[in-house]
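Just so we're on the same page: letters track the sequence lines, and every chain starts at 1.
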There are 2 protein chains.
Amino acid sequence: MVKQLLSESQQDYLKIVLDLINEKKVARTKEIAHRKGVSMPSVTEAMQKLSQENYVQYSAREFIELTPKGEEAALRLTSKYAFLKHFLVDVLGIQDEIADKDACKLEHHLNKSTLDRFILLYQFLTECPKSDKRTINLFKECIKAAEGDFLCDSDCKSCFISSNFPHRFGEKTIHTLLSKLNRGQKGRVIMLGPDSEIRLSLIDKGLLPGSEFHVEEIGDANRPFVVQTDGCLIELDEEAAKMIEVAIEQPE
Amino acid sequence: MVKQLLSESQQDYLKIVLDLINEKKVARTKEIAHRKGVSMPSVTEAMQKLSQENYVQYSAREFIELTPKGEEAALRLTSKYAFLKHFLVDVLGIQDEIADKDACKLEHHLNKSTLDRFILLYQFLTECPKSDKRTINLFKECIKAAEGDFLCDSDCKSCFISSNFPHRFGEKTIHTLLSKLNRGQKGRVIMLGPDSEIRLSLIDKGLLPGSEFHVEEIGDANRPFVVQTDGCLIELDEEAAKMIEVAIEQPE
DNA sequence: TTGGATAATTAGGCGCGCCTAATTAAATTA
DNA sequence: TAATTTAATTAGGCGCGCCTAATTATCCAA
């Protein structure tokens, strides 16, 4: 007995079919194609294959239905997806359409035990009596600050660039801002400031918490800083450099 | 000018090449094949393609090197990967090998803004002066409890199954355990208890926080509970039913 | 009831990422 | 240096998931 696993695409089809049956009583080729963003022949082909493996009840030009096996699979997938979307939207504050896509990806790719840890984190933040209920609200203030909404009564902006906890990057390190370093110094990124646009560009360039770097050129208001992370040169203007909190070795 | 994007597989190749160059100075077909878990011809083919698009310097039987373009790409990917693994291991406490795989998947599939939110959450939990530094430690106790390690001085086990915060599932709901419901009642899952094995099986069956269900049959120590989530029947023994905290509509 | 619109399917093809088998080049060692 | 081992490549093929074009079935309205 060979255990046939569903491909990612097949999983998507099953979820879509379930959704359509719930919403509109019947699942039609055209609508499935539309939701999945593929052509109708692709749907026909997929349904034929799924029907061979007994996930759907399908014969040409008749209603597409889920078999018990297919329904079970679809429901498992859907509930994982629903939780993940929930987490992304409610805890992380991700925008709806992006959360949709990412929840779907996560549902496909996350290991069981990792999913469980996300559930645990969710439970912890929203329900655990030991965790301060304010925690999640504080985090939401952070999000607002990161989105540039400083109208909120938090002073997160300064918090982002002035924390100085000793941290996991070693005992003998001190924390400062990248903008204060000299040429030749090495360090490790601890935090990125909240400014949304710069933040995202830094992330895109690969300068994330935990990244090691080396200062190639120091800059000022007119010239850019140039830092290297493992060989990749990144230019930063002063504004960006002031947003990057770093850990450096204690100078002797 | 067509913007050629790297496929998932190509991204993996670039990361592996970068790793090998850093570790062993040179990247060899055989070693790449081994790390990626593919055959050598697959590597050759991939390198030829990557070299066409100017990500690697490649000619038959010579050393494989990264072009600046390839190195930049590899570094971006690697630093995202590194952060994500970091997050999975340090915050969520995921096991090393699983974290490796999942970080890789996340790196491929997470939207930029979602990645940013994970960074924000990480920063918040580990650095933000407003969040109680104990928060993350409390969460780690939760993890221990969920792993069945009740030797830790936390009383998380009871916490898991006795919280009664009003929560987002509506104002007029009350919280109880699934084991206390009668046949025919509907409810929504709030929390799952910490027992690792049962927990994972519930998650696998699709009974996650947020799932709606309907009690088909009530059970006791000898007979199983049967609940339905959107049409999928799930059998639960009493032990499991006692681990599921649910929200139900306030009975009139 | 019949012709036109719409929906669904079949036929044929394509790119990607992988494979095995066969071949060739390079490195090692007798 | 010749023989052998090891590494890398070429050749040819496969399955998956998608596509377009052409065909067929179904529905609806004149």
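- Between B:His109 and A:His109, the two ring planes are parallel [angle under 30°; tilted spans 30° to 60°].
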From CA spacing to verdict: side-chain hydrogen bond (donor to acceptor under 3.5 Å, both in side chains), A:Thr114, B:Asp102: CA-CA 8 Å; A:Thr114 309; B:Asp102 283 11; 2.5 Å; yes

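- Atom P of nucleotide C:dA8 and atom CZ of A:Phe63 are separated by 10 Å, given to the nearest angstrom.
- Using a 4.0 Å heavy-atom cutoff across all strands shown, A:Glu8 reaches no nucleic acid atom at all.
- Remark: B:Arg35 engages B:Glu31 in a salt bridge, criterion side-chain N to carboxylate O under 4.0 Å.
- Note on B:Gln48: every side-chain N or O is 4.0 Å or more away from OP1 and OP2 of D:dT9.
- Here A:Glu62 lies out of heavy-atom contact (under 4.0 Å) with every strand.
- Nucleic acid contact class of A:Thr29 (heavy atoms, under 4.0 Å, all strands): sugar-phosphate only.
- Put simply, B:Ser42 has a side-chain N or O that comes within less than 4.0 Å of OP1 or OP2 on C:dC19.
- When rounded to the nearest whole Å, the span between CZ of B:Arg28 and C1' of D:dT9 equals 16 Å.
- Judged by the 6.0 Å distance and 45° axis criteria, B:Lys186 is not positioned over the aromatic ring of B:Phe213.
- Each of D:dC19, C:dT20, D:dC18 was ranked by its minimum atom distance to the side chain of A:Tyr13; first place goes to D:dC18.
- One finds no side-chain N or O of A:Ser7 lying less than 4.0 angstrom from the OP1 or OP2 phosphate oxygen of D:dC16.
- In this structure, the nucleotide among D:dT24, D:dT9, D:dG17 sitting nearest to the side chain of B:Tyr58 is D:dT9.
- Of the listed nucleotides (C:dC19, C:dT9, D:dG17), C:dT9 has the atom at the smallest distance from the side chain of A:Thr44.
- At the phosphate of C:dG17, neither OP1 nor OP2 sits under 4.0 Å from any side-chain N or O atom of B:Lys36.
- Here C:dC16 is the nucleotide among C:dC16, C:dC19, D:dA8 with the atom lying nearest to any side-chain atom of B:Lys49.
- Here A:Ser9 lies in heavy-atom contact (under 4.0 Å) with sugar-phosphate atoms only.
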